[in-house]
Amino acid sequence: MDLLNQYLNNYLIVVVFLCLGILLPVVALTAGRFLRPHAPSEAKQTTYESGIEPFHDSRVQFNVRYYIFALMFVIFDVETVFLYPWAVAYEKLGIVALIEMLIFVLMLLLGLVYAWKKKVLKWI
């Protein structure tokens, strides 16, 4: 019976945090909606609030390489997140974890070489 209570208590903690994670943003956004000043005007509805009429199209095209470069940074940044816990617990994990991590790093290295060959990392 004690094991069942401990098991249900673990799920209760998850449910409480899930409810808090949903309830707190909803309450904060609702309170902000009622507490903020609301004075719409025609000037505020224009594209620019500075009073200057727009003189060209507001859509500016950026080179796709900037986005790909940013995605590559995120991918290799996440790699470090996976490497850190492994390095901390390396003594307890053993040789099998070392081989798995070597395979993981090798796959990332192959991805980096592929991106390098495709000139993804070349900054314009």
Side-chain angles (χ1 to χ4, degrees):
M1 188 67 179
D2 187 44
L3 185 61
L4 179 65
N5 286 339
Q6 183 180 2
Y7 182 75
L8 291 176
N9 195 18
N10 289 340
Y11 275 107
L12 180 65
I13 292 170
V14 171
V15 168
V16 166
F17 274 102
L18 183 66
C19 289
L20 282 174
I22 293 171
L23 190 65
L24 286 177
V26 168
V27 168
L29 291 173
T30 305
R33 182 179 192 129
F34 289 119
L35 295 176
R36 71 176 181 225
H38 183 68
S41 67
E42 188 177 327
K44 287 184 179 180
Q45 301 299 325
T46 61
T47 307
Y48 300 101
E49 292 185 18
S50 65
I52 301 171
E53 291 294 322
F55 51 87
H56 61 78
D57 193 15
S58 63
R59 293 175 289 171
V60 179
Q61 290 187 352
F62 290 101
N63 197 332
V64 175
R65 286 189 179 171
Y66 297 125
Y67 298 110
I68 294 176
F69 196 87
L71 285 174
M72 292 291 293
F73 172 77
V74 169
I75 288 170
F76 286 101
D77 197 37
V78 169
E79 169 196 353
T80 1
V81 172
F82 285 128
L83 284 175
Y84 183 74
W86 172 82
V88 169
Y90 172 68
E91 289 181 1
K92 297 176 186 173
L93 296 176
I95 192 76
V96 176
L98 175 66
I99 294 170
E100 289 175 352
M101 191 52 69
L102 287 175
I103 292 170
F104 176 70
V105 170
L106 180 67
M107 287 178 7
L108 286 170
L109 187 63
L110 286 174
L112 181 63
V113 168
Y114 177 77
W116 198 319
K117 293 282 184 184
K118 290 287 186 178
K119 308 248 190 262
V120 171
L121 301 176
K122 185 176 181 181
W123 198 261
I124 298 174

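Values reported hereafter were calculated over all heavy atoms of this structure, with side chains retained and with hydrogens, waters and symmetry mates removed. This structure is a prediction, so every number in the text was calculated from the model and none was measured.
- Side-chain contact between T30 and F34: present, with at least one pair of heavy atoms (C-beta onward) separated by less than 4.5 Å.
- Going from atom CG of D77 over to atom CG of L71 covers 12.5 Å, rounded to the nearest 0.5 Å.
- Screening V16, L18, I22 for a side-chain contact (heavy atoms from CB on, under 4.5 Å) involving L20 leaves a single residue, V16.
- Listed by chain and number, the hydrophobic cluster partners of L35 come to none, as no ILVMFWY side chain reaches under 4.5 Å of it.
- Across all non-hydrogen atoms, the minimal contact from G21 to P25 is O-CD, 3.1 Å.
- V74 and L112 fall within the same hydrophobic cluster, where Ile, Leu, Val, Met, Phe, Trp and Tyr residues are linked whenever their side-chain heavy atoms come under 4.5 Å apart, directly or through other members.
- Every residue two or more places apart in sequence or in another chain was checked for a ring pair (Phe, Tyr, Trp, His ring centres under 6.0 Å) with W116, and none qualifies.
- Atom CZ of F76 has more than 12 heavy atoms from other residues, nucleotides or ligands within 6.0 Å.
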Would you tabulate the side-chain donor-acceptor contacts of residues 85-109 under 3.5 Å, counting partners in other chains and residues two or more places apart, or write 'none'?
residue: W86; atom: NE1; partner: A97; partner atom: O; Å: 3.4

